[in-house]
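This report concerns only the one structure given below.
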Amino acid sequence: MIISLKMNPDTEQLENLKTWLTNMGLEIHMSQGTRSLVMGLIGDTTVVDTDLILALDIVEDVKRIQEPYKNANRKFHPDDTVITAGGATIGGGHFMLIAGPCSVESREQICGIAQEVKAAGAHMMRGGAFKPRSSPYAFQGLRGEGISFLLEAKRETGLPIVTEIMDVSQLPLFEEVDIIQVGARNMQNFELLKELGSVNKPILLKRGLANTLEEFLMSAEYIMSGGNSKVILCERGIRTFETATRNTLDLSAIPVLKELSHLPVMIDPSHAIGIARHVAPMSLAAVAAGADGLIIEVHHNPAAALCDGPQSITPAAFASLVSRINPLLQLRAEFQ
């Protein structure tokens, strides 16, 4: 249930209303928008008499909602959520560009790519230290050593870093990581999501390969219900019957998610398309569709990459792409 309050409500009446609702066993989520103050009620709201609440002087409107996700719901939080990590910002008109290799292979590799993507205009550096692979014989990542190399690249360039966690036991290694990524395979790892709800770091949550948008938002809800509201949604392509591409990039997810939720929406065109030469057009399409950011795989020598080389673009190709993204962002801003 959502209670929209009139501007500058009487403090005593507001506190009395909060006490009354809390005594009914309801959790209250307050959201201050630019034009209104919204009170979201979480719990069994069937016990609430909406007519009684509407009769209060401080109340503008009362609505019952059907969606099972509450914290992630735009109805609870009308304004876009803005998330800042290491000086980089996403949401509310702020566009975030993350770039780097699929996996950290060496100190020289990650530090060199970090220098190049920063020069091209990236706001953050990505790189996998722990790699969930379909084959147990494939490269699994450098694990803790990979994170240490990422942190070294961060010190050298000043770029904040994003890397993926696979298990709760790995959390101590992520203390200096700026954004923790939850991959598609772990989107419904509920124990991990609940643990990340108590972490004071932004979480980049990727949509599962075969999950609906409601299931995606419910996974975000797991994190947010634990107290961590810093969630970035990432569409990375879904599995369909199509075989010409690695996955099918669901660009319709951008406007739909932004209508349903206040959380920033990022696109991963690299995993979605799986073909390096198609990454640029899908990136531009995502920007045009209203994405709040892009996470792109960049490798200095894709042919020799230990992971996902076919979908990685070179630093030069990334720089060229950024030069096309920036004018599109300016044009987009004129129409918003």
Side-chain angles (χ1 to χ4, degrees), residues 27 29-33 38 40 42 65 67-98 123-124 126 160-166 168 170-171 174 177-208 211-236 238 250 253-268 271 286 290-295:
E27 181 183 340
H29 175 83
M30 301 296 296
S31 177
Q32 177 68 62
V38 175
I42 301 174
I65 64 172
E67 297 89 352
Y69 47 91
K70 310 298 181 184
N71 291 288
N73 200 314
R74 186 174 284 279
K75 293 176 183 176
F76 273 68
H77 193 296
D79 293 338
D80 291 343
T81 285
V82 178
I83 296 173
T84 299
T89 304
I90 185 171
H94 300 276
F95 189 83
M96 181 183 284
L97 194 54
I98 302 174
H123 306 114
M124 298 194 77
R126 64 148 293 151
I161 57 174
V162 182
T163 194
E164 181 174 348
I165 191 170
M166 291 176 58
V168 172
Q170 298 163 356
L171 260 177
F174 285 72
V177 171
D178 297 281
I179 295 181
I180 300 176
Q181 175 182 310
V182 175
R185 293 173 177 83
N186 272 319
M187 191 205 85
Q188 290 186 307
N189 182 342
F190 300 124
E191 291 304 313
L192 175 61
L193 299 181
K194 285 189 282 188
E195 192 68 29
L196 293 175
S198 61
V199 174
N200 186 27
K201 285 182 184 292
I203 308 298
L204 177 65
L205 178 65
K206 288 195 169 186
R207 181 184 179 185
N211 288 104
T212 66
L213 294 182
E214 181 172 296
E215 290 169 338
F216 189 21
L217 289 170
M218 285 304 294
S219 290
E221 192 75 11
Y222 262 94
I223 300 170
M224 300 179 76
S225 65
N228 186 353
S229 61
K230 304 172 187 175
V231 178
I232 302 167
L233 303 172
C234 183
E235 162 63 36
R236 47 81 68 207
I238 54 176
D250 183 8
I254 300 172
V256 175
L257 286 172
K258 292 177 78 66
E259 180 179 60
L260 295 174
S261 177
H262 53 89
L263 298 174
V265 178
M266 178 166 276
I267 294 294
D268 178 351
H271 278 92
D292 295 300
L294 295 170
I295 178 167

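Starting from 1, each residue takes its place in the sequence as its number.
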Looking at [Y], is its backbone amide N or carbonyl O close enough to the side chain of [X] to form a donor-acceptor pair, meaning the two atoms are under 3.5 Å apart?
| X | Y | result |
| --- | --- | --- |
| Asp178 | Ile161 | yes |
| Asp268 | His271 | yes |
| Asn228 | Val199 | yes |
| Glu235 | Arg207 | no |
| Asn71 | Glu221 | no |
| Lys201 | Val177 | yes |
| Ser261 | Leu257 | no |

In Å, rounded to the nearest 0.5 Å, how long is the span from [atom1] of [X] to [atom2] of [Y]?
| X | Y | atom1 | atom2 | answer |
| --- | --- | --- | --- | --- |
| Leu233 | Leu204 | CG | CG | 9.0 Å |
| Ile83 | Leu263 | CD1 | CG | 6.5 Å |
| Leu205 | Ile180 | CG | CD1 | 12.5 Å |
| Ile223 | Leu193 | CD1 | CG | 5.0 Å |
| Met218 | Met224 | CE | CE | 12.0 Å |
| Ile238 | Phe216 | CD1 | CZ | 11.5 Å |

(request) On the 0 to 90° scale, with breaks at 30° and 60°, tag the His77-His262 ring pair as parallel, tilted or perpendicular. (result)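 Aromatic pair His77/His262 classed parallel.
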(request) Evaluate the ring planes of Tyr222 and Phe190, with Trp represented by its six-membered ring, and classify them as parallel (under 30°), tilted (30 to 60°) or perpendicular (over 60°). (result)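 Parallel: the ring planes of Tyr222 and Phe190 meet at under 30°.
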(request) Under the side-chain contact (heavy atoms from CB on, under 4.5 Å) rule, what do Arg74 and Asp80 come out as? Steps first, then yes or no, please. (result) CA-CA 8 Å; Arg74 186 174 284 279; Asp80 291 343; 2.6 Å; yes
Looking at every heavy atom in both [X] and [Y], which two are closest together, and how far apart are they?
| X | Y | answer |
| --- | --- | --- |
| Ala286 | Ile254 | O-CD1, 3.7 Å |
| Ala88 | His123 | CB-O, 3.9 Å |
| Ile98 | Arg126 | CG2-CB, 3.6 Å |
| Ser31 | Pro78 | OG-CD, 4.0 Å |

(request) Scan Val82, Ile90, Thr89 and name whichever one has a side-chain contact (heavy atoms from CB on, under 4.5 Å) with Asp292. (result)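 Of the listed residues Val82, Ile90, Thr89, the side-chain contact (heavy atoms from CB on, under 4.5 Å) partner of Asp292 is Ile90.
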(message) Assess whether a salt bridge exists between Glu164 and Lys206, defined as any Lys/Arg side-chain N lying under 4.0 Å from an Asp/Glu carboxylate O.
(response)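 Looking at Glu164 and Lys206, the cut-off is not met.
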For the residue pair [X] and [Y], establish whether any side-chain heavy-atom pair is separated by less than 4.5 Å.
| X | Y | value |
| --- | --- | --- |
| Val38 | His29 | no |
| Thr84 | His94 | no |
| Glu27 | Lys70 | no |

